[in-house]
> 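A single structure is presented below for examination.
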Amino acid sequence: QVQLVESGGGLVQAGGSLRLSCAASGRTFRIYGMGWFRQAPGKEREFVAGISWSGGSTYVADSVKGRFTISGDNARNTVYLQMNTLKPEDTAVYYCTARKDLVITTHAEAYDYWGQGTQVTVSS
């Protein structure tokens with residue numbers, strides 16, 4: 001099995017920044033890509049960003065493009081989400097995820113492993 005542990009969430013004012021981290025452990029040789037989703041109260045889980053360990057390619061959702069950056073360390077099976085210029089609508093539980101495929105996808109059902117989530121709250 002693979003375990004994912006997120007850290008870095010918290011409360012920040014609008015316009016501020018946060019950096020989320022996620023470390024994978026266990027059978028990490030199964031992981032070929034990692035990513036982040038988020039879910040706000042009463043809303044569907046939403047893709048935020050993904051990274052493939054094949055060449056380090058990344059993809060960021062349009063809703064956060066230009067403000068959020070995903071990066072990772074393949075050797076350490078760690079992924080980061082740098083969030084700048086945060087807005088109240090970014091408030092959500094952020095989930096780290098990983099999959100046994102190189103292709104980045106925005107579909108939550110395609111991901112094999114999930115973390116417990118970390119709360120991000122942006123005050124206006």
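Because the structure is a prediction, the values reported are computed rather than measured.
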> Can you list every pair that meets salt bridge (charged side-chain N to carboxylate O under 4.0 Å, His left out) and has a residue in residues 72-82, with sequence neighbours left out?
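As it turns out, the salt bridge (charged side-chain N to carboxylate O under 4.0 Å, His left out) pairs with a partner in residues 72-82, which skip direct neighbours, are D73-R76.
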> Under the rule for ring-ring contact (aromatic ring centres under 6.0 Å, His included), what residues qualify as partners of Y80, not counting sequence neighbours?
none
> Applying side chain to side chain contact (heavy atoms under 4.5 Å, CB included), name anything that partners T118, two or more places apart in sequence or on another chain.
E6, L20, Y94
> Does CZ belonging to R30 count more than 12 external heavy atoms closer than 6.0 Å?
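Enclosed: over 12 neighbouring heavy atoms sit under 6.0 Å from CZ of R30.
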> So, does R99 use its side chain to make a donor-acceptor pair with the main chain of V103 at under 3.5 Å?
yes
> Only counting residues at least two apart or in another chain, list the ones meeting salt bridge (Lys or Arg N to Asp or Glu O under 4.0 Å) with D112.
none
> Using a 4.5 Å cut-off on heavy atoms from C-beta on, say whether the side chain of W53 contacts that of N77.
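Yes - at least one pair of side-chain heavy atoms lies under 4.5 Å apart.
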> Rest of the hydrophobic cluster containing F29 (Ile/Leu/Val/Met/Phe/Trp/Tyr, side-chain heavy atoms under 4.5 Å)?
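Its cluster mates, by chain and number: none.
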> By side chain to side chain contact (heavy atoms under 4.5 Å, CB included), which residues pair with V93, not counting sequence neighbours?
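Expected list: Y95, Q119.
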> Run through the side-chain heavy atoms of Ile, Leu, Val, Met, Phe, Trp and Tyr, join any pair under 4.5 Å, and report what else lands in L102's cluster.
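Hydrophobic cluster check, L102: joined to Y32.
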> The criterion is side chain to side chain contact (heavy atoms under 4.5 Å, CB included); which residues satisfy it with A49, sequence neighbours excluded?
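So A49 forms a side chain to side chain contact (heavy atoms under 4.5 Å, CB included) with V60, I70, L81.
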> Among all residues two or more places apart in sequence or in another chain, which pass the ring-ring contact (aromatic ring centres under 6.0 Å, His included) test with Y111?
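Here the qualifying residues are F37.
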> Not counting sequence neighbours, which residues clear side-chain hydrogen bond (donor to acceptor under 3.5 Å, both in side chains) with Q82? List them please.
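So Q82 forms a side-chain hydrogen bond (donor to acceptor under 3.5 Å, both in side chains) with N84.
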> May I have all residue pairs that pass disulfide (SG to SG under 2.5 Å) and include part of residues 31-74, sequence neighbours excluded?
none
> Assess the residue pair K65 and D62 against the criterion (salt bridge (Lys or Arg N to Asp or Glu O under 4.0 Å)); give the C-alpha distance rounded to whole Å, side-chain angles, the decisive distance to 0.1 Å, and a yes or no.
CA-CA 5 Å; K65 193 169 291 183; D62 288 343; 3.2 Å; yes
> Taking only residues two or more places apart in sequence, or in another chain, which ones meet E46 in a side chain to side chain contact (heavy atoms under 4.5 Å, CB included)?
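E46: side chain to side chain contact (heavy atoms under 4.5 Å, CB included) contacts with R38, S63.
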